[in-house]
Each structure stands twice: as structure tokens, then as C-alpha cells.
Amino acid sequence: MEPKESDADERTLHLADAASIVQANQKDTQIENILNEKLTELLTLLKGQLFTNVHTKHISIISKLVYLSLTTLIGRKTLGEEYVDIFIVNKSNKGLVKRYQRLVFVLGYTLGPFLIQKLIKFWKLRNGSGEGDDSDDDSIAADENVISIETIINCLFDIHMLLFYFKGAYYDISRRVSGLRYVTGHRLTNSEKQLKQKNANTYKILGSVLLLQSISTYMPLLKTGSQLLIKKVYTSSGKTLNDSDMLVDKRDKSGSISNVPDDSRSHHFNLSDKDCFKFIPENSRKCILCLSDMTDPSCAPCGHLYCWKCITNWCGEKEDCPLCRQICRPQHVIPLR
Amino acid sequence: MSRLIKEYKTINAQDDILLFPETADNLNNWTAMITGPPNTPYEGHDFKLYISIPDAYPNSPPMVKFHREAMPHVNVNYETGEICLDILKGEWSPVYNLLYTVQSIERLLSEPNADSPLNLELGILMREGDKTAYDSLVRYYLQRQK
């Protein structure tokens, strides 16, 4: 990014900084939204409200496509680019981009996210139907793969954003893929240069924050991934892990809670045992939710008793007492001891 | 699922209730017969209810429907047989069971609720307070089916 005072550099234009690229992009988004709104209005008139409600995504894609086809694709500036006076050049800042590159960008930018979403959905569906005849272990592994394909995409996106904040070249993944860079269309004065340098620093701070955030999100995942890998290596080499290791492994999947003891290991109070909680009368020892003798009788704030599992499961659905409808948050349920 | 088995046993023990699973080995689909309450236009008619139990039961309500084009009622969609009743939607509580649900629907026949109409034709008559017209229209629909 350091400008050198040589003859060749005198004539090449400065690469645009992150701030102006973001600004141009915001302006474009704004205009795309206006276009989208108008198109929706028109379609509502022609085809009715239901049609526009069902096809929201498609309409937004079409309006983007129209906007970019009329500007970038035929080699004109978009309104946003004009606003901050930047224009598109190729990767090396040596010339303009070719028509096919622009086409790749336009298609990638408009249809890309939509297609990726469809692909993931399709993939999941295919995987889901194949799960039935697999053994238990395999289906668990397949489950994790589905989770990780989304996280991989998110991760890629985050890395892309990080690169943008630090290097300030490509704001969209589709621009990165098709190699569309921006340069400023005029010569920068010294004060302008200083201002831009300052802006770049702000973006670097933003980038560091994002870096920290992504590290904290992906670390647990990486840990789980490596553990899984170790497990696979172990099983393939013929060694078996002992029980407690497996336990930790399974609970760690979420990346947060670990070392939760297995259900069978914790002590349960079961009211089918007549000596347990003798103060509860004979006719109210059954849980009204599962209709069986209560296991771990637990008290809602209003005083009604249920099984711990029954009432906490219901509270996840709706936070009120099934009997009297008083507010009953899961954190307020008290297990009897 | 064990709760459904318990409900099945209780229901089976009483023989005056017309509520039974469609096949003995599957408790996910039930049918019920309800009779039109006396002093309503439904008197003398029997109605079949189709009940399907979601996996999350009893934390989710059972899904109950009339036969399509069989129930002219302000809270029932005539074409589909779909029922609009608070306890089948947001007001469901896991304390309720299948029997209570069916009884509530039976009660809905004698106490139609004009505030949530699924049958607009009947809903308008009811809002106008024209009970005679409402009852006659219901009778007309029921006659026509015979």
C-alpha cells in the first residue's frame, strides 16, 4: 500500500481503501433495496400479495441482477462506485477486467448465497434419508459432518472479512473469486492520504476485534474436531477408550458443558418407593404429566409437583404451570431433596 | 409415549366412550365419534373426529380434525375439517388428555365462538345475532349430506 514516487507509479491509480469500498457498497445496497421495493410493489399489483410473500428471495435476487446487469456487467460504474469515485480494475491493477470476470462476479454475487443454501439443504436431505440403514455410530458421524459444513462456510466467510479489514481489497467473496479490485479515480492530495491512512487503522482495529471473536468461536470446535480425530485414530488402531473418556467426548460436542455425569450415575428419587418423601400423600404421588409415579419430584413456584424431567421439558415449550398457568420459568423449578 | 399407553388403558376401561386408536398396534392415530348435543341443530347427528398425536405429545397438543365437508360450524373450516379451538393451539396444557380434548370439541358444538371464525358464512350470521338463520343454515348443510 506504500506509494513510491517512481515514474510508473505516478501514472497508476491508487487502490481504493476499505472505507470507500464499504461506503460504495452501502450506497449500492440502498439502491438495490429501493429497486427491490419497487419491483415488489409492481408484482403485488400484478400477481397479488401472496405471490410476493412467497417469492421474496427470488424478487430480491432479480432486482440485484437487474441492477448489476445494467451497471457492472456492461462496464459502467454503479451509483455507489460513482458516489465515492472508485472503479473496477483487475487483480494486479494493470488494466480493466474482462467481460467474463464481470459476469462471474454478477452471477456469484446474486445467485451464489441462494445456490449454496439450496445445496446444503439438498445435501442434508440426502444424508437424512440415508441415515436409516446406517449403524448408530455412522449416523452420529454424519450428523457432525452436517454441522461442520455450515461452520466451515461461516469460518470461510469470517476469514474473508478479516482479510478485508486488514488488507482492504475485496469486500465480497464473489469479488475475490472473480478478481475485481477497486482504484480511486482521482489523484489523492496529501491530507486525503492521511485521512485514509487513519481510516485504514480503524478498520484494522475492527479486524482485530473480529479476529478475537472468531478465535473464541472456533477454538472449541477445533478442540472437538481434534478429539474426534484422536478417537478415530484410536479405534482404527484397535485400542478402546475407557468409559469416562467417551463420556467427556460426547458432552463436549456443544463446545461448552463437559463432565456431566451419565444419567444412570446420578441418584434419582422415585415415588414408587413408599419410603421416599413420606409426607406426600398416597393420592398425589403420580405426576399428572406422565401419569406415572414421580421421579425426582420438583416444585413449580406455585407449589404444584411434577417429575423434574416432565416439568422442565414443558417449560422449554411454554413458561407456565400446566395446572394453574402461573408463570413457571425452568430456572425457578425446585427439585425436592 | 408411555403416557399414551396409560391413557389408552384408562379409556379402554370405560366402555361408554367412543374414542379408539385406528389400529391396535399404533397409538399415533385415533378416531372418535361424538354425538350432536341436544337442543342444537346437531342433535341426532354423529360426527367422526380424526386425531393424530405428534411425537412431542403431551408437550404439543394432539391434532384434531373433522371429516372434510362434514361439519358446518363457525369454528370449523368446512372444506378441510380443521378446528379452531384455543386448547388445540396456544392454550394447550400437558395436563389435558385425549378424552378431555374430545369432550372440549363436543362442548364447542353447543357453544360456538364467533370471535375466531373459520367458516365465514356462519360467522357473519352469528355476529349479526341471527340465531335462527345460523341454525337453519347448519341444518341445511347437515340435511344435504344425507
Side-chain angles (χ1 to χ4, degrees), chain A residues 49-50 128-129 131-132 139 143 263-264 268-273 280 282-333 335, chain B residues 1-14 17 19-21 24 26-28 30 32 51-64 77 79-80 82 84-105 107 113 115-116 118 120:
Chain A
Q49 187 69 50
L50 185 66
S129 60
E131 221 175 58
S139 66
D143 239 29
D263 190 54
S264 59
H268 290 291
F269 294 94
N270 198 318
L271 289 200
S272 56
D273 174 10
I280 302 178
E282 188 65 36
N283 56 1
S284 45
R285 292 176 81 87
K286 281 197 179 348
C287 166
I288 194 163
L289 299 185
C290 61
L291 307 175
S292 323
D293 290 317
M294 278 189 231
T295 310
D296 298 329
S298 301
C299 185
C302 51
H304 288 117
L305 286 180
Y306 310 93
C307 296
W308 169 258
K309 264 196 184 151
C310 294
I311 185 63
T312 45
N313 275 346
W314 167 248
C315 284
E317 202 76 32
K318 204 172 171 207
E319 291 183 341
D320 61 14
C321 168
L323 277 165
C324 63
R325 295 197 189 278
Q326 282 192 60
I327 292 173
C328 169
R329 299 191 201 293
Q331 63 266 38
H332 295 154
V333 176
Chain B
M1 205 32 97
S2 67
R3 153 147 168 175
L4 260 184
I5 296 168
K6 292 209 164 71
E7 279 192 45
Y8 175 68
K9 281 182 184 156
T10 337
I11 291 166
N12 238 10
Q14 299 161 282
I17 299 163
L19 173 62
F20 34 82
N26 179 7
L27 291 181
N28 284 329
W30 295 58
I51 304 165
S52 80
I53 314 284
D55 289 340
Y57 182 82
N59 283 340
S60 303
M63 289 173 274
V64 191
N77 185 323
E79 277 78 30
T80 61
E82 185 197 337
C84 178
L85 182 62
D86 54 357
I87 68 151
L88 292 179
K89 308 240 159 76
E91 290 302 302
W92 170 258
S93 156
V95 167
Y96 303 149
N97 53 29
L98 288 182
L99 192 57
Y100 178 85
T101 310
V102 171
Q103 283 165 345
S104 307
I105 292 167
R107 209 154 44 239
N113 176 9
D115 292 331
S116 54
L118 279 183
L120 290 181

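Just so it is clear: chains get the letters A, B, ... in the order the sequence lines come, proteins before strands, and each one is counted from 1.
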Contact leader toward chain A among B:Ala56, B:Pro58, B:Pro94, B:Gly90, where contacts are heavy-atom pairs under 4.5 Å: B:Pro94
Enclosure of A:Ile327 CD1 (heavy-atom neighbours >12, cutoff 6.0 Å): no
Minimal non-hydrogen separation, A:Ser292 against B:Lys6, with atom names: OG-NZ, 3.1 Å
Under 3.5 Å: donor-acceptor pair, side chain of B:Arg3, backbone of A:Leu291: no
Check: A:Lys318 side chain, B:Trp92 main-chain N or O, donor-acceptor pair, under 3.5 Å: no
Distance-minimising heavy-atom pair for A:Leu289 and B:Val95: CD2-N, 4.0 Å
